[in-house]
Amino acid sequence: MARRKIIAGNWKMNMTPTQAVELVNTLKPLVVTDEADVVFCVPAIDIIPVAEAVKGSNIEVGAENMYFEESGAYTGEISPAMLVDAGVKYVVLGHSERREYFAETNETVNKKMLKAFEHGITPIMCCGETLEQREQGVTMDFIRQQVKVGFLGVTADQAKTAVIAYEPIWAIGTGKTATTEQAEEVCAGIRQCIKEIYDEATAEAIRIQYGGSVNAGNAAELFAQPDIDGGLVGGASLKPDFGKIVNYK
Ligand code: 13P
């Protein structure tokens with residue numbers, strides 16, 4: 001069975017609530033498609049106005065992070081139940097920016113993965129190597145560890161619904177996209193890792209995105225690869241170009 005593509009924007013720390021609604025209204029007619037799931041992952045404060053603005057459209061709302069506790073004395077954090085109540089269906093977990101600047105680890109990502117599933121939120125778990133790791137030839141070892149620890153305790157049925165985003169750190173926001181071959185090689189390696197952890201059926205079902213300088217010019221070739229099931233798009237998701245990425249064919 002063919003996997004359905006999933007094309008998600010990661011707005012990062014951009015867009016005030018007012019700007020967010022304007023952007024949704026601009027993009028809404030451009031991202032109409034029957035062929036892929038379309039997700040806008042937005043800053044926490046934008047979730048409620050964006051959820052309102054996308055009503056009646058094909059756009060789903062995602063968060064960019066989430067805490068792994070239910071509630072309590074965790075000043076500044078956002079719980080899974082809060083996200084669900086606000087209409088969130090997806091959550092980006094373990095983005096390299098969160099790992100680098102906010103002390104996210106494979107272990108905290110794993111805790112968040114388990115919580116997301118518990119609350120029926122689909123995780124988009126990010127992984128990806130630094131340029132140094134690529135040059136050292138340890139890309140796949142590093143990513144396999146991120147995936148293996150990230151999925152500890154996740155059942156096969158849960159894993160089948162998950163999304164993994166392969167985002168080489170050196171390709172994020174740099175305009176330096178991974179070559180199609182590099183992206184496909186790692187995405188295929190991630191699928192192989194899922195097969196080893198679970199089984200063939202889980203590996204065939206899980207969706208693996210590529211992220212890192214995806215744009216209207218390179219999306220079609222990347223998304224045509226057998227193991228690339230769509231993209232996680234940063235900069236270009238804030239522009240009308242995102243419509244071209246969603247309708248890449
Ligand atoms: P860019 O598309 O801006 O390179 O960002 C990629 C990314 O980090 C998406 O999560």
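Start at 1 and go down the list; that is how both ligands and their atoms are numbered.
Ligand-side atoms of ligand 1 in range of Gly235: 1 (P), 2 (O), 3 (O), range being under 4.0 angstrom from any heavy atom. Ligand-side atoms of ligand 1 in range of Leu232: 9 (C), 10 (O), range being under 4.0 angstrom from any heavy atom. Interface atoms of ligand 1 facing Ala171, defined by a heavy-atom separation under 4.0 Å, are 4 (O). Interface of Ser213 with ligand 1, defined as ligand atoms under 4.0 Å from a residue heavy atom, comprises 1 (P), 2 (O), 4 (O).
Taking 4.0 Å as the cut-off, Gly212 counts as a neighbour of ligand 1 on heavy-atom distance.
The neighbour count for Gln145 CD, taken as heavy atoms of other residues, nucleotides or ligands under 6.0 Å away, does not exceed 12. Other residues, nucleotides and ligands contribute only 12 or fewer heavy atoms inside 6.0 Å of the CD1 atom of Ile45.
A donor-acceptor contact under 3.5 angstrom links the side chains of Thr108 and Glu104, judged on distance only.
A salt bridge (Lys or Arg N to Asp or Glu O under 4.0 Å) with Asp227 holds for exactly one of Arg191, Arg207, Lys195; it is Arg191.
Around atom 7 (C) of ligand 1, the closest heavy atom drawn from Glu64, Lys176, Glu167 belongs to Glu167.
Distances between N or O atoms of Lys12 and those of ligand 1 include at least one value under 3.5 Å. Checked by distance only, ligand 1 and Gly173 come closer than 3.5 Å through their nitrogen or oxygen atoms.
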*Go through the steps for Glu69 and Lys111 under the test salt bridge (Lys or Arg N to Asp or Glu O under 4.0 Å), then give the verdict.*
CA-CA 9 Å; Glu69 294 290 351; Lys111 287 184 182 175; over 6 Å; no
*For Asp141 and Arg144, what are the C-alpha separation, side-chain angles and deciding distance, and is it a salt bridge (Lys or Arg N to Asp or Glu O under 4.0 Å)?*
CA-CA 5 Å; Asp141 303 282; Arg144 284 172 61 89; over 6 Å; no
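In this structure a side-chain-to-backbone donor-acceptor pair under 3.5 Å is missing from Arg98 to Asn65.
Of all protein heavy atoms, the one lying nearest to atom 2 (O) of ligand 1 is Gly234 N, 2.9 Å.
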